[in-house]
> 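Here's a structure for you.
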Amino acid sequence: MSESSPLLEVKKISKRFGGVHALEDVDFRLYPGEVVALAGDNGAGKSTLTKIISGVFPPDSGEISFQGVQISLANPQDARARGIETIYQDLALADNLDVGANVFLGREPMTRRFGLPMIDRKRMREEAAKTLDTLDIGLDRLDRPVRALSGGQRQCVAIGRALHWQAQVMIMDEPTAALGVPEQRKVLALIKSLKARGVGIVFISHNLHDIFAASDRIVVLRRGINAGERATVDANPDEIVRMMVG
Amino acid sequence: MSVAAAHPRPSESKQASWIGFVASARAWLFLIVLIVGFEVWSQLSFQATFVGNMFNIRSIAVFTVAPLLLAMGQTFVIISGGIDLSVGFTMGLASVTVSNVANAITPIYGTGVGLAAGIVAAVLVSVVPGLVNGLLIARLRVPPFIGTLGMYGVARGVAYLLANGTTVPVHNDALAWMGNGSLGGIPAVVILTVVALLVLHYVLSQSRFGQYVYAVGGNRAAAVRAGINVRGVTLKIYILSAVCAGIGGVLYAGRFSAGAAQAGEPLLLDSIAAVVIGGASLFGGSGTIVGTLIGALIVAVIQYGLVFIDVEAFWQFVVVGVVIIISVLVDQSQRKGGRVDE
Ligand SMILES: Nc1ncnc2c1ncn2[C@@H]1O[C@H](COP(=O)(O)OP(=O)(O)OP(=O)(O)O)[C@@H](O)[C@H]1O
Ligand SMILES: [Mg+2]
């Protein structure tokens, strides 16, 4: 893995909130097609790190490079424009719109009918269906509000949308948290299929089983510092837990 | 092609679409029931037809115009998750403005210019409360209820000040014709309102702006994340609502040949009623212009019908109020029934 160059590299990132050192000199790398699990106890700084990578707030110090170029991210749109997508379970979709409309939200294709410009809903639905099909996400009807979908299906739609818009890096903060077991499996399978397409994935999880099932590498944070990392094949759960609690 | 692992059971989706059908058909059914009810009453008590009478049809159509104009703007606002309480007095302000300006310009430049100047002035004046509402709500994150309630007071005060506390008679024949004339037997105000209806239906259902109105009402955070200019959309929504009210004010001044600060006062309730009865949710995210049209017709038929069968006029407010509350209750129960995992 070390022979290719990292897709995303974070060097000596620090972030304080008032007196709290949420992150201190944290390093992090992500390679194309790699799945990195970010592990750590509550308050370890996992969400803070992913929020810095996705442009939610800037670090106090340290640098971020994307595809070998140093970047600064002014806001989440900036990150998305570069292909860094974050999948939020609740913030991702407009419940009242259908799958096609959600996949194309903010970038709706237009067509002309009767000489008037109109949103091309048919095309949105067809292209959304195509993308979801390539990910093996089966939804029987794409013309109903996503409110009618289950948590896992919505997660899949959000991931499908990110992929449709050429995400290079996907960040998922506890993607399997509120899901039932079959749906957790579906999301983990989806992570594998994204990986096969060369997308780099960072996912936060408190579930060691998920971490071991889906990741290539495990990065552990403890109270805002790097507590160690392991290739998943070489790691065992007890060791990871020891790193987490120190 | 795709795996059916996470599909909803077929029976479930059938049930969901059935609920959706009832929701969209509910307003139509209600309208039909009302009309049949008044027809039966009319036949039994006066041995006369209610719906077969062209005079009644015309009256109801004209009666629907002003509340419908307000309600169409309100539809955008309510879909976006807001509410606009200031529309009634924005309408009054516009009716006073068109009268004052038309009266001032007509003696110098003639009827046509007087009318045009009056309309332009009224529309521009009505943009102001919409702009202020939009800025308060979009930029300063003032709750719509409070922001537009403040504007209700401001527009009301300014309208009475501009009218010197009385009504302003219109001295412009073209404006009076616009309010009372007909083309091919159809009242001009109805034709103008139908044009507005078609335009607004197109904008809401087919344009990106319309799509963003739904997105903002459905999940504001998701809309922001999708890169939609949510503040800009919100600003436009409140301006649109105010301009609809402004046009309502112009038509009012034409119809009654007078501008009056209180022109739209009773219409706030009617306009919100029309939107809600038409199937929009006060929680935001749903509603249509066609639904609002049906809602406005229902309100007009109730009001006109009650007068027609000789019920004391004040009962209209009571009945419309009760119908609003019932519509909201139906909407709420559907939300609870629709989805279990919240
Ligand atoms: N916006 C914020 N303002 C103030 N303090 C914050 C903020 N975000 C995070 N923190 C603090 O920074 C520290 C790290 O928080 P973070 O959310 O990154 O932890 P986490 O590893 O994601 O924890 P969890 O597993 O509980 O989600 C915590 O002490 C938290 O209280
Ligand atoms: Mg967290």
> What distance separates A/Phe114 CZ from B/Gln206 CD, expressed to the nearest 0.5 Å?
9.0 Å

> Counting only non-hydrogen atoms closer than 4.5 Å, does B/Tyr214 touch chain A with its backbone (N, CA, C, O), its side chain (CB onward), both, or neither?
both

> Between A/Leu132 and chain B, with a heavy-atom cut-off of 4.5 Å, which part of the residue counts as in contact: side chain, backbone, both or neither?
neither

> Looking only at non-hydrogen atoms, find the nearest pair between A/Gly106 and B/Ile228 and report the distance.
CA-CG1, 3.8 Å

> I want to check something: taking the side chain as every heavy atom from C-beta on, are B/Arg225 and A/Leu105 in contact at a cut-off of under 4.5 Å?
no

> Can you tell me if CZ on A/Arg185 sees more than 12 non-hydrogen neighbours from other groups inside 6.0 Å?
no

> Looking at every non-hydrogen atom in both residues, tell me the closest pair between B/Ser205 and A/Arg121 and how far apart they are.
O-NH2, 2.5 Å

> Quick one: closest heavy-atom pair of B/Ala222 and A/Ala94, and the distance?
CB-N, 4.2 Å

> Where is the tightest heavy-atom contact between A/Arg80 and B/Ala226, given as atom of each residue plus distance?
NH1-CA, 3.2 Å

> For B/His201, does the NE2 atom have more than 12 heavy-atom neighbours from other residues, nucleotides or ligands under 6.0 Å away?
no

> Which region of A/Ala81, side chain (C-beta onward) or backbone (N, CA, C, O), has a non-hydrogen atom less than 4.5 Å from a non-hydrogen atom of chain B, or is it both or neither?
neither

> Please flag which part of A/Gln77 lies under 4.5 Å from any non-hydrogen atom of chain B: side chain, backbone, both or neither.
side chain

> Identify the heavy atoms of B/Tyr212 and A/Arg107 that sit nearest to each other, and give their distance.
OH-N, 4.1 Å

